[in-house]
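Below: one structure, written as structure tokens.
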There are 4 protein chains.
Amino acid sequence: MNAPADTPQSAPAAPGVARRGQPGRALRQRQRILDAAERCFIDSGFHAATMDHIAKTADVSPGLIYRYFDSKSAIVRAIIERHLENEGCRLVDEHDQSQPLCEHLLDVFECWRRGADPKLSAALLLELTAESTRNAELAEFIRGHDRLVGKSLAARVRREARSRGARLTAADAHGRAVILQCLVEGLASRAVRDPTLRRQTLRAALEQVIAALLR
Amino acid sequence: MNAPADTPQSAPAAPGVARRGQPGRALRQRQRILDAAERCFIDSGFHAATMDHIAKTADVSPGLIYRYFDSKSAIVRAIIERHLENEGCRLVDEHDQSQPLCEHLLDVFECWRRGADPKLSAALLLELTAESTRNAELAEFIRGHDRLVGKSLAARVRREARSRGARLTAADAHGRAVILQCLVEGLASRAVRDPTLRRQTLRAALEQVIAALLR
Amino acid sequence: MNAPADTPQSAPAAPGVARRGQPGRALRQRQRILDAAERCFIDSGFHAATMDHIAKTADVSPGLIYRYFDSKSAIVRAIIERHLENEGCRLVDEHDQSQPLCEHLLDVFECWRRGADPKLSAALLLELTAESTRNAELAEFIRGHDRLVGKSLAARVRREARSRGARLTAADAHGRAVILQCLVEGLASRAVRDPTLRRQTLRAALEQVIAALLR
Amino acid sequence: MNAPADTPQSAPAAPGVARRGQPGRALRQRQRILDAAERCFIDSGFHAATMDHIAKTADVSPGLIYRYFDSKSAIVRAIIERHLENEGCRLVDEHDQSQPLCEHLLDVFECWRRGADPKLSAALLLELTAESTRNAELAEFIRGHDRLVGKSLAARVRREARSRGARLTAADAHGRAVILQCLVEGLASRAVRDPTLRRQTLRAALEQVIAALLR
DNA sequence: AATGAATGAGGGTTCATTCAT
DNA sequence: TATGAATGAACCCTCATTCAT
């Protein structure tokens, strides 16, 4: 993340490295709070989640949170940044070669549908996107992230096409990448709106669509 | 508010304006409030929108709202119902024969992207979906709606396939319909996350994908 | 009642005695409203009873009430005045000779306990007394009423004593009258606090006490 | 508020004042709020007393009250419980042997009449009784309390009678106890309705009545 | 005389944030 | 570093009262 704006206040653990002041403790605390906030945001949404609830979940006092974050919205920002990082990585880079894209998407869908992994929460993804309509800074940030992902996707689309002997223009590859993004975000929406949906139901049509895009 | 069109403010009242005793006034007021609420929900989200703000937008007193709605959440419910109705109709039934599905989707996308028509707000769609994760009643309602839309889509998919000489099983048609829903919801997400996106960018890939689904 | 302050606004039914403007209609409306208010005050208390509820109970519009009363507290005042009138009359004057005082008190108690007759409501009596601690005007009014009742009671006590050959000083008679008032108001309190209480339970002890006071 | 005695306002804080970290502070705050609420309830009644007013009287912020009580009605409940405890104790158990019952009642009456001691407020007693007509839970609670007091009174009546050589049936003793309760509650009503009443005025008749009941 | 829609002040309550310890 | 009590601005909602009809 290129976020120099959000480093923990200043130099809190400055002189010496005293008893309880082990190095890294501050970061660990910060992490605890973020984890708790993520849990709360997923459960209640950004607005309905209260600082008290986050504090309780993190097992710290409400006051302490303000040592690590300027405000609630700073936490929201941090969560969103963290979430986008993960999402991007997993989707394109990490799983590039391990399995067919379709199966990977179905895995992600399953994860979203079950809501078990806080790192991969469809609820958060939707919440975050909705929030971006009211927060210019966040919108800009998301756009930047999406562009990167888009590029990566476009490259992959192009590679796949080439490996099949086809030549795609940059614009073509870009268009297909965008539609792929639609598809992914649409799967998140579906996972939330119909948790009874099974991956088998999706597979055939999803494979066809992906094939059409990677052809 | 910057709505000089319909203010029943001064004593004599302009001609054509709904005056106290006129029939239908109650419904018009209700509508007025709903419209204001929709605007506010789009601008601020369900939670952040305040009754006072809605009242101001509707140019009525806060107290009056409670003559027409039991509570804020009743307004949310009403807005969501209204929104879902519109969405469903437009997408499948109304526009069935007028133009190619791809063009229709691109129209809807444009509408979402520009955010001009409150009746067709991507922000609201996302908000609503996110909200459904925390509101069982709403979730059930949405699920019901989605099932209907899904059925209609599946039927259309089947018809199209048959007109091309292909035979689809019910399961196949259903799967494709679901992926179509993903696509639509994904377009909403895209419209919000990248308002610079042009329909030309989407067209080619979207056409391919739709072709693959209706084949 | 010596209340010149509360006559219905001014001369509303002034010229002629037109169609619906039968004489006495205004007073009948006023009465309707008062009856409804009484019912509501007994059911909900002075503060919790709303003008809307009173209006509904009286089957008139909220606005109309303000043609007959200046404010809600004016209604409270009127109800209290009416209530005190009734109470005083019944207790001493009306039933003077018909039956033994003890039986009469037990009748009143029964009435209070069952809460059937709005004209004789223990709840209202308590509410009214409590209210008088915060309303000087009302307190004064009640005090005046109580003095009258006290006088009447004292006279009766004296008469009874004399009929038994005893001579009571004015102070003695007054003291006994006050204790009688205590007893009556205490019965109201009991009626409210223990609606399972039966008159048989009270009779013997009540008789003894009254005998001691009238001896 | 005109309470310069215990304000923890300025930074250093006077010695002997409860400072943030001290043990028992929470209970003292709770008490503080209850005392303020009691004052407000006596002055304005349960309904008319506002949380803001209570907060101001207690010299705390409105929000803080909710750290110690769930709701306004929880405060009402607490006040009522506290009040009933005091009332019951004082009346029968505590003062059993110290002085003649008559004198004790006259003391209580004086206290009520002057309205100085919030722990012994006739206004609150009436308010509370009136409230019980609309609050089933409260009514049940009061009934339970009254039964205990009634038992205690009946026992005392019986003892007194026996000490005079009389044998009372349980029913007789119970009846007399109830009438005693009437008398006490009636005195509260009188104290409110006629604050000019002097104890001398009551003494003779009250003694007679009590004698008749304890004979 | 009568309606009932409309007002708006103020009610109880919540919660992000601060501060004394 | 950490606590959690304390603050106070706003929130949703109610209701006595007014006003156009």
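Each chain gets a letter, A, B and so on, in the order its sequence line appears, and its residues count up from 1.
In this structure a side-chain-to-backbone donor-acceptor pair under 3.5 Å is present from Thr133(B) to Ala130(B). With Glu127(A) contributing its side chain and Phe46(A) its backbone, the two residues share a donor-acceptor pair below 3.5 Å. A donor-acceptor contact shorter than 3.5 Å links the side chain of Ser71(C) to the backbone of Ala74(C).
In the region residues 61-71 of chain D, proximity to DNA chain F at under 4.0 angstrom, judged on heavy atoms, holds for Ser61(D), Gly63(D), Leu64(D), Arg67(D), Tyr68(D). Near DNA chain E, meaning a heavy atom under 4.0 Å from it, residues 37-51 of chain D has Ala49(D), Thr50(D), Met51(D) in order of number.
Residue-to-nucleotide proximity on DNA chain F shows that, of Ser73(C) and Asp59(A), the 5′-proximal contact is made by Asp59(A).
In this structure, Arg28(A) atom CZ and dT1(F) atom C1' are separated by 14 Å, rounded to whole Å. Between the NZ atom of Lys56(D) and the P atom of dG12(E) there is a distance of 12 Å, rounded to whole Å. One can place NZ of Lys72(B) at 4 Å from P of dC12(F), the figure rounded to the nearest angstrom. Between the CG atom of Asp52(A) and the C1' atom of dA16(E) there is a distance of 9 Å, given to the nearest Å.
Residues Ala55(D) and Ser61(D) approach most closely at CB-C, 3.9 Å, considering heavy atoms. In terms of heavy atoms, Arg30(B) sits closest to Ala78(B) at NH2-CB, 4.5 Å. Across all their heavy atoms, His47(B) and Ala48(A) have their closest contact at NE2-CB, 4.2 Å. Closest heavy-atom contact between Ala26(B) and Tyr68(B): O-CE2, 3.4 Å.
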Show your reasoning for whether side-chain contact (heavy atoms from CB on, under 4.5 Å) applies to Ile65(A) and Ile75(A).
CA-CA 9 Å; Ile65(A) 297 183; Ile75(A) 302 182; 3.6 Å; yes

Going through the checks in order, is the side-chain contact (heavy atoms from CB on, under 4.5 Å) test met by Arg82(B) and Gln31(B)?
CA-CA 11 Å; Arg82(B) 193 166 89 165; Gln31(B) 205 57 32; 2.6 Å; yes

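The side chain of Arg25(B) contributes an N or O atom lying less than 4.0 Å from OP1 or OP2 of dA6(E).
A distance of 7.0 Å separates OG1 in Thr50(B) from NZ in Lys72(B), rounded to the nearest 0.5 Å.
A salt bridge links Asp43(A) with Arg39(A): at least one charged nitrogen is closer than 4.0 Å to a carboxylate oxygen.
Listed nucleotides dT7(F), dT17(E), dA6(E) differ in distance to Gln29(B); the shortest reach to its side chain belongs to dA6(E).
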Could you write out DNA chain E as a dot-bracket string, with dots for unpaired bases, | for bases paired across to another strand, and Watson-Crick or G-U pairs counted at under 3.5 Å?
.||||||||||||||||||||

